[in-house]
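Here's the structure, in structure tokens; my notes come after.
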2 protein chains.
Amino acid sequence: MSETIGFIGLGLLGLPVANNLLNAGYALRVYNRTASKAEPLVAQGAQLVARPVDAVMSGGIVVSILWDDAALESVVMSADFLEKLGANGIHVSMSTVSPEISKKLAALHAQHGSVYIEAPIFGRPEAAVAKQLWIPVAGPEVAKERVLPLLKAMGGQGIFDFGEDASAAVIVKLVGNFLIGSAVRSLTEALSMAEKNGVDPQAVVDMLTQTLFPAPIYKSYGKMIAEKTVTFSQSKIPLKDMGIFRKAAQQVESPTPIANLFYDLMGGNEDEN
Amino acid sequence: MSETIGFIGLGLLGLPVANNLLNAGYALRVYNRTASKAEPLVAQGAQLVARPVDAVMSGGIVVSILWDDAALESVVMSADFLEKLGANGIHVSMSTVSPEISKKLAALHAQHGSVYIEAPIFGRPEAAVAKQLWIPVAGPEVAKERVLPLLKAMGGQGIFDFGEDASAAVIVKLVGNFLIGSAVRSLTEALSMAEKNGVDPQAVVDMLTQTLFPAPIYKSYGKMIAEKTVTFSQSKIPLKDMGIFRKAAQQVESPTPIANLFYDLMGGNEDEN
């Protein structure tokens with residue numbers, strides 16, 4: 001395969017995903033704010049570029065995996081990015097961002113004749129290496145068909161279509177992250193109660209994950225919590241995501257007692273006025 | 001099989017479990033505060049008795065499935081109960097009670113030469129009928145061996161041994177109920193957020209239970225929440241259990257921010273001074 005893809009954001013997840021694309025035969029133009037992170041990819045033939053727009057090909061596909069709304073928006077609004085992507089161009093946005101920014105950027109891309117697709121990733125960096133990612137995807141139909149092979153090549157073992165409104169995919173991602181955070185924090189509270197009452201927490205995890213909760217999240221985090229090799233703050237669900245979930249719920253008047261508690265426990269209100 | 005078992009407590013779970021024992025060939029002496037509930041069992045040959053002690057055979061096995069600490073304690077402390085159970089008698093307690101009462105009753109039975117075993121049940125009444133119950137069990141080894149066939153006949157598809165201290169099994173039950181409650185309430189909060197943002201909650205449940213959360217609790221409650229046929233208050237995890245979990249944690253200085261929130265949301269502080 002010789003199609004060239006633009007790839008913006010080489011963080012913990014971006015790097016192995018980009019690497020999967022190189023291995024699948026795609027050519028890559030990569031951009032990262034800290035350029036040195038691109039070195040392993042450049043060593044495998046990726047072309048490192050100096051600005052986000054340089055990763056864009058007119059009418060081509062550009063992928064971004066960035067930290068938050070602000071980072072994503074600064075890339076999209078950077079000089080000539082939208083103009084160059086232009087007609088038939090597709091931006092596959094894989095960051096965990098707010099539905100607000102998603103709707104705003106979808107409209108901006110449409111104004112420039114290009115398509116904005118949301119395809120946020122469920123999976124830790126190890127899962128990316130193992131090509132065991134789960135990807136909800138949403139956006140205009142024709143564009144989704146064009147990017148489907150790309151999502152599979154990135155390591156998507158399961159890709160789930162949530163329709164034409166791009167923001168639906170970030171809603172799903174926020175729901176998933178909230179539920180992961182809730183499960184991990186609940187497990188921590190429960191296993192601490194068991195252990196301090198003299199019951200082996202690993203034995204509790206063994207029973208529960210063979211019965212009521214035979215799910216990867218409960219198995220992997222249960223083991224790590226029982227062995228005290230992880231705390232909730234290391235569960236990889238950042239405060240930012242809990243904050244976006246909460247805001248997205250509150251904007252539609254959906255109650256958030258649990259998200260409020262977690263946001264507080266994670267220190268979310270400490271630096272607010 | 002002709003062994004006669006005493007069976008105390010014919011509630012939503014007690015009734016189908018007792019019925020399984022009859023079907024497995026055990027003879028039953030049944031007691032229930034509201035005697036009329038025993039009718040279907042009596043029709044199948046069970047003997048209805050007038051007092052808890054009448055369900056007890058000296059040196060035999062008596063099973064109880066009762067609502068709470070107070071109901072269990074009143075049965076055990078009722079006239080001649082412990083005296084009659086006597087040497088080699090076994091009381092299999094299957095109620096969801098506090099570790100405190102469990103320790104207290106284990107000591108009381110020991111003083112009378114009998115054995116107290118905890119074997120609380122995970123499973124709704126339908127699961128009892130289908131013989132798909134999960135049972136953590138704890139107590140003295142020899143007695144556990146004697147009751148194991150009974151637990152299987154009751155519908156225990158999986159029985160998990162948590163050692164010699166009977167209270168360990170109720171700790172496991174409390175942990176499981178807390179995690180069920182947390183999962184159901186978190187799903188409710190998350191799916192409401194998705195739906196009010198225009199995303200089909202059943203599609204979200206479908207993806208998540210094929211990926212991160214392929215667990216019966218998420219599948220069954222996810223579907224019910226998406227279809228609005230269940231609310232958290234109907235999740236069968238009663239306020240009482242959340243209260244026992246919280247107290248058992250606080251007594252060993254284990255933090256309970258989530259249990260506190262749920263207890264409050266369930267109205268747990270409304271009738272306190």
Side-chain angles (χ1 to χ4, degrees), chain A residues 99 122 134 136 138 158 160 162-163 165 167-168 171-172 174-176 178-183 185-187 189-200 203-204 206-218 245 248-249 251-262 264-265, chain B residues 99 122 134 136 138 158 160 162-163 165 167-168 171-172 174-176 178-183 185-187 189-200 203-204 206-218 245 248-249 251-262 264-265:
Chain A
F122 282 110
W134 308 108
F160 297 80
F162 284 89
D165 177 353
S167 71
I171 295 287
V172 175
L174 292 168
V175 162
F178 168 75
L179 291 175
I180 292 170
S182 176
R185 194 172 267 282
S186 299
L187 265 172
E189 182 165 326
L191 294 178
S192 167
M193 179 279 215
E195 185 168 20
K196 291 188 175 171
N197 274 289
V199 180
D200 174 18
V204 178
D206 285 346
M207 172 176 180
L208 293 177
T209 58
Q210 287 176 64
T211 55
L212 303 164
F213 297 102
I217 295 296
Y218 285 85
F245 175 93
Q251 284 174 336
V252 291
E253 295 182 358
S254 190
T256 58
I258 302 173
N260 289 349
L261 173 68
F262 292 167
D264 286 351
L265 291 172
Chain B
F122 283 111
W134 308 108
F160 296 80
F162 283 89
D165 177 354
S167 72
I171 294 287
V172 174
L174 292 168
V175 162
F178 169 74
L179 291 175
I180 292 169
S182 176
R185 194 173 268 282
S186 298
L187 265 172
E189 182 164 326
L191 295 177
S192 167
M193 178 278 213
E195 184 168 21
K196 290 188 175 171
N197 273 289
V199 180
D200 174 17
V204 178
D206 285 346
M207 172 176 180
L208 292 177
T209 57
Q210 287 176 65
T211 55
L212 303 164
F213 297 102
I217 295 295
Y218 285 85
F245 174 93
Q251 284 174 334
V252 291
E253 294 182 358
S254 189
T256 58
I258 302 173
N260 290 348
L261 173 67
F262 292 167
D264 286 351
L265 290 172

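The figures here come from the full heavy-atom set of this structure, side chains too, leaving out hydrogens, waters and symmetry mates. Numbers restart at 1 for each chain; the letters A, B, ... are given by sequence-line order, proteins then strands. Source: prediction; values computed, not measured.
Remark: R185(B) CZ to S182(A) OG distance equals 11.0 Å, nearest 0.5 Å. Of the inter-residue distances, the one linking M207(A) atom CE with W134(B) atom CH2 reads 8.0 Å to the nearest 0.5 angstrom. Between L191(B) atom CG and F178(A) atom CZ the span is 10.0 Å, to the nearest 0.5 Å.
Highest contact tally toward chain B, considering only P214(A), A183(A), A168(A), is held by P214(A) [criterion: heavy-atom pairs under 4.5 Å]. Residue with the most contacts toward chain B among P136(A), A194(A), A138(A): P136(A) (heavy-atom pairs, distance under 4.5 Å). Comparing L179(A), V204(A), D206(A) by how many heavy-atom pairs each has under 4.5 Å with chain B, the most go to L179(A). Note: L212(A) leads L212(A), L208(A), L265(A) in heavy-atom pairs under 4.5 Å with chain B. For chain B, the option among A248(A), P216(A), P257(A) with the highest count of heavy-atom pairs below 4.5 Å is P257(A).
Heavy atoms closer than 4.5 Å to chain A are found in the side chain of Y218(B), but not in its backbone. For L174(B), the part lying near chain A is the side chain, with the backbone staying farther off; criterion is any non-hydrogen pair under 4.5 Å. Both the backbone and the side chain of I217(A) come within less than 4.5 Å of a heavy atom of chain B. In this structure, the portions of Q210(B) lying under 4.5 Å from any heavy atom of chain A include both its backbone and its side chain. The contact between A259(B) and chain A is made by backbone and side chain atoms together, counting heavy-atom distances below 4.5 Å. When heavy atoms are compared at a cutoff of 4.5 Å, F213(B) approaches chain A by way of both its backbone and its side chain. For chain A, the nearby part of V199(B) is the side chain; its heavy atoms alone come within less than 4.5 Å.
In terms of modelled atom types and a separation under 3.5 Å, the side chain of N197(A) and the main chain of I171(B) share no donor-acceptor contact.
Of all non-hydrogen atoms in M193(B) and V252(A), the two that sit nearest each other are O-CG2, 4.5 Å.
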